[in-house]
Colleague: 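Have a look at this one.
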Amino acid sequence: MKLLETYILRRVGQMFLVALLPVLAIIWTTQVLQRINLVTDSGQSIGSFAKLATMILPSIIPVVLPFALVIAITQTLTTMNNDSELTVIDAAGARRSVLIRPILLLAAVISVFSFFVDNVVEPRAKTVVRQMIAETYADLLSSVIEEKTFRKLDEGLYVQISQRMAGRMLKGLFVADERDPAYELIYYAKEGAVDDTGTTLIMHEGEVHRKTPDGNVSVINFDSYSFDLSDMTENRGQATLRASDRDLWFLFNPDPTDKDYTIRPQSYRAELHRRLTDWILPVVFALFSLAIAGDARSHREARLHPMVSALAYAFAMRWAAFYAANQIDTDPEYIAVLYAIPIVSSIVSIVFLGLHKRLVMPSFIRDRISSFWRRMQERLLAATGRTGGGAAQ
């Protein structure tokens with residue numbers, strides 16, 4: 001690789017990391033906070049939560065990589081243009097491939113890495129996450145529910161215990177069952193226990209209050225009462241794997257006896273084609289980023305930062321691919337649309353690069369974005385001026 005190509009590759013790679021790490025950290029934090037209830041509701045240790053947070057990371061990386069690459073390419077090339085480096089490269093008679101080759105090489109490496117994460121690392125991580133959550137809630141009453149704290153076991157089902165004893169024994173049981181709209185049930189019992197299978201709560205020396213919608217209440221005392229937990233526990237401790245949790249080889253050749261596959265085979269078809277198209281997005285995004293910002297231009301000519309145009313194209317393309325992948329569940333004809341999106345975009349970008357023309361946003365969209373951005377800047381400057389003037393007084 002030539003010295004100039006190495007220089008461009010290093011600058012784009014550095015900017016890629018600068019763009020990737022903060023965005024990745026922000027998105028990862030929001031995803032982790034959504035699962036904080038695993039600790040607060042189930043009494044898990046911080047170590048389990050840290051493991052869960054780590055397993056979430058592979059599902060975020062393939063989504064963020066292409067956009068970070070767009071930011072890196074457009075920002076680097078725009079800076080080089082502002083410093084007249086692109087003009088010097090053109091004036092020296094260097095081929096345009098000197099600029100294109102290192103960027104596409106970086107994009108190809110990122111695409112291969114994205115393929116590996118999306119098809120090998122992420123399915124295994126998602127499987128671990130589902131198994132962790134399943135095991136966490138496998139035995140709610142006898143090991144997870146905290147003493148003297150109301151916990152929601154299911155929609156409309158709440159439980160509280162006063163004390164947990166040895167041998168799966170529970171003291172001071174209170175259970176509120178509102179799952180049936182025809183009546184509400186409230187159970188009190190001095191003691192109880194969950195059987196070894198975890199499907200039945202056996203209560204001793206208590207009473208049950210049955211309240212109907214018209215307000216009538218009946219009270220029944222009991223020496224022993226069995227409360228059925230099978231509806232909640234039949235799947236606890238066993239992780240149900242979805243299409244997104246499977247590796248690529250399973251998607252190519254699904255097990256016809258798999259329970260989830262027999263229920264929703266179309267989701268496996270959609271997931272397969274999504275996997276086969278998503279990994280190439282870094283190369284596609286790199287091509288149209290080069291077509292937008294890869295040539296020297298006058299400072300007076302550019303009214304809109306190339307990064308804005310490139311990110312607008314990137315978001316539009318990503319949304320179109322996401323929409324087409326979702327529609328495959330109900331309409332297989334969208335498979336062709338899903339593959340056409342990156343192919344057509346790549347061909348258009350290659351044509352513009354070959355003709356030495358710049359890919360620009362339509363003028364009416366560009367003018368509106370520029371006008372909006374200019375108004376925002378004016379308002380920001382006005383607000384800053386008012387704040388500064390008030391401070392000076």
Colleague: Starting from V63, can I reach V112 by hopping between I/L/V/M/F/W/Y residues whose side chains sit under 4.5 Å apart?
Modeller: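 No; V63 is not reachable from V112 via cluster members.
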Colleague: Apply side chain to side chain contact (heavy atoms under 4.5 Å, CB included) to Q14 and T76, showing your working.
Modeller: CA-CA 9 Å; Q14 290 173 347; T76 301; over 6 Å; no
Colleague: Walk me through it: do W319 and F315 pass the test ring pair (Phe, Tyr, Trp, His ring centres under 6.0 Å)?
Modeller: CA-CA 6 Å; W319 176 86; F315 280 114; over 10 Å; no
Colleague: So do Q327 and V337 actually touch side chain to side chain, heavy atoms under 4.5 Å?
Modeller: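 No, their side chains stay 4.5 Å or more apart.
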Colleague: Can you tell whether the side chains of R274 and D118 come within less than 4.0 Å, N to carboxylate O?
Modeller: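 Yes.
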Colleague: Please determine whether residues I280 and F252 belong to a single hydrophobic cluster, defined as Ile, Leu, Val, Met, Phe, Trp and Tyr linked transitively by side-chain heavy-atom distances below 4.5 Å.
Modeller: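 Yes, I280 and F252 fall within the same hydrophobic cluster.
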Colleague: For the residue pair Y268 and D260, establish whether any side-chain heavy-atom pair is separated by less than 4.5 Å.
Modeller: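 Side-chain contact under 4.5 Å: yes.
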Colleague: For F115, is the CZ atom crowded, meaning more than 12 foreign heavy atoms sit under 6.0 Å from it?
Modeller: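 For F115, atom CZ is crowded (more than 12 foreign heavy atoms under 6.0 Å).
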Colleague: Check whether any side-chain heavy atom of L248 sits under 4.5 Å from a side-chain heavy atom of L272, and report yes or no.
Modeller: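 Contact flag for L248/L272 side chains = yes.
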Colleague: Minimum heavy-atom separation for S111 to V283, with atom names?
Modeller: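 Closest pair (atom of S111, atom of V283, distance): OG-CG2, 3.3 Å.
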Colleague: Just wondering, are more than 12 heavy atoms of other shown residues or ligands nearer than 6.0 Å to CZ in R264?
Modeller: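 Counting other residues, nucleotides and ligands, CZ of R264 exceeds 12 neighbours.
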Colleague: What are the two closest heavy atoms between P102 and E5, and how far apart are they?
Modeller: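 Closest approach of P102 to E5, heavy atoms only: CB-O, 3.5 Å.
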Colleague: Determine the minimum heavy-atom distance between S289 and I73, stating which atoms define it.
Modeller: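 The pair with the smallest heavy-atom distance is CB-CG2, 3.8 Å.
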Colleague: With rounding to the nearest 0.5 angstrom, report the CD to CG distance, E178 to L185.
Modeller: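 The distance works out to 9.5 Å.
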Colleague: Measure the spacing between CZ of F288 and CG of L353 and express it to the nearest 0.5 Å.
Modeller: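 Reported value, rounded in 0.5 Å steps: 12.0 Å.
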Colleague: Within the 4.5 Å heavy-atom criterion, are F16 and L65 side-chain neighbours or not?
Modeller: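 Yes. Closest side-chain heavy atoms under 4.5 Å.
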Colleague: Kindly give the heavy-atom pair with the smallest separation between L290 and L99, and that separation in Å.
Modeller: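 Closest approach of L290 to L99, heavy atoms only: CD2-O, 4.5 Å.
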Colleague: So which heavy atom on S224 is nearest to which on I202, and how close?
Modeller: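 Heavy-atom minimum between the residues: OG-CG2, 4.0 Å.
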Colleague: Quick check: is Y313 connected to Y323 through a chain of hydrophobic side chains (ILVMFWY, heavy atoms under 4.5 Å apart)?
Modeller: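 Yes, Y323 and Y313 fall within the same hydrophobic cluster.
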Colleague: So, do R101 and I8 sit near enough that their side-chain heavy atoms are less than 4.5 Å apart?
Modeller: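 Answer no - side chains too far apart.
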Colleague: Can you tell me if CZ on F222 sees more than 12 non-hydrogen neighbours from other groups inside 6.0 Å?
Modeller: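 Atom CZ in F222 is crowded, with more than 12 foreign heavy atoms closer than 6.0 Å.
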Colleague: Determine whether R318 and F67 make a side-chain contact, defined as any pair of heavy atoms from C-beta on separated by less than 4.5 Å.
Modeller: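 They are in side-chain contact.
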Colleague: Is it the case that the side chain of W279 and the backbone of F116 share a donor-acceptor pair, with hydrogens and angles ignored and the cut-off at 3.5 Å?
Modeller: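 Here the side-chain-to-backbone pair does not exist.
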Colleague: What's the verdict on side chain to side chain contact (heavy atoms under 4.5 Å, CB included) for M203 and V208, showing C-alpha distance, side-chain angles and the deciding distance?
Modeller: CA-CA 11 Å; M203 295 181 282; V208 54; over 6 Å; no
Colleague: Any donor and acceptor pair, going by atom type alone, linking the side chain of T127 with main-chain N or O of P123 inside 3.5 Å?
Modeller: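 Such a contact is found between T127 side chain and P123 backbone.
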Colleague: Quick one: do R275 and E122 make a salt bridge, cutoff under 4.0 Å?
Modeller: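 Between E122 and R275 there is no salt bridge, as every charged N stays at least 4.0 Å from the carboxylate O atoms.
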Colleague: Within the distance-only criterion (no hydrogens, no angle test), does the side chain of T78 pair as donor or acceptor with the backbone N or O of Q75 below 3.5 angstrom?
Modeller: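 Here the side-chain-to-backbone pair does not exist.
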Colleague: Side-chain heavy atoms nearer than 4.5 Å, only ILVMFWY residues, links allowed to pass through others: does that put V348 and F285 together?
Modeller: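 Yes: a chain of side-chain contacts under 4.5 Å links V348 to F285.
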Colleague: Could you please spell out the steps behind the side chain to side chain contact (heavy atoms under 4.5 Å, CB included) verdict for W249 and N253?
Modeller: CA-CA 6 Å; W249 320 121; N253 187 25; over 6 Å; no
Colleague: Start with the C-alpha gap between M80 and I89, add the side-chain angles, then the distance that decides, and say whether side chain to side chain contact (heavy atoms under 4.5 Å, CB included) holds.
Modeller: CA-CA 10 Å; M80 292 179 66; I89 292 174; 4.1 Å; yes
Colleague: Nearest 0.5 Å, what's the CD1-CG distance between I110 and L105?
Modeller: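 Those atoms lie 10.0 Å apart.
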Colleague: To the nearest 0.5 Å, what is the distance between CG on L104 and CG on L287?
Modeller: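 Result: 5.5 Å between the selected atoms.
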Colleague: Quick one: does I292's side chain get under 4.5 Å of L77's, heavy atoms only?
Modeller: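 Of all side-chain heavy-atom pairs linking L77 with I292, none is under 4.5 Å.
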Colleague: How long is the gap from OG1 on T87 to CG on N81, to the nearest 0.5 Å?
Modeller: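 The CG atom of N81 is 6.0 Å from OG1 of T87, to the nearest 0.5 Å.
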Colleague: Report yes if some heavy atom in the side chain of L157 is under 4.5 Å from a heavy atom in the side chain of F227; otherwise report no.
Modeller: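 When only atoms from C-beta onward are counted, F227 and L157 do touch, with a gap below 4.5 Å.
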Colleague: When you check the side-chain N and O atoms of H273 and Y339, is any donor under 3.5 Å from an acceptor?
Modeller: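 Note: H273 and Y339 side chains meet the donor-acceptor criterion.
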Colleague: Charged N to carboxylate O under 4.0 angstrom, D247 versus K126?
Modeller: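 No salt bridge links D247 with K126.
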Colleague: Would you say L57 ends up clustered with L17 if hydrophobic residues are merged whenever their side chains have heavy atoms under 4.5 Å apart, either directly or through other cluster members?
Modeller: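 Same cluster.
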Colleague: Using the side-chain contact (heavy atoms from CB on, under 4.5 Å) definition, which of the options I341, L338, I335 pairs with T277?
Modeller: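 Exactly one option meets the side-chain contact (heavy atoms from CB on, under 4.5 Å) with T277, and it is L338.
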Colleague: Answer yes or no: are there more than 12 heavy-atom neighbours, outside N221 itself, under 6.0 Å from its atom CG?
Modeller: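 Enclosed.
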Colleague: Shortest non-hydrogen contact from A25 to T29?
Modeller: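 Residues A25 and T29, closest heavy atoms: O-OG1, 2.7 Å.
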Colleague: Working to the nearest 0.5 angstrom, can you tell me the gap between N119 CG and F250 CZ?
Modeller: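 Output value for this atom pair is 14.5 Å.
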Colleague: Can the ring centres of Y188 and F174 be said to be less than 6.0 Å apart?
Modeller: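 Yes.
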Colleague: Keeping the roles fixed (side chain from D83, backbone from E85), state whether a donor-acceptor pair exists under 3.5 Å.
Modeller: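 Absent.
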Colleague: Testing Q163, H204, K171 for side-chain hydrogen bond (donor to acceptor under 3.5 Å, both in side chains) with E191, which one passes?
Modeller: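 Going through Q163, H204, K171 one by one, the side-chain hydrogen bond (donor to acceptor under 3.5 Å, both in side chains) with E191 is satisfied by K171 alone.
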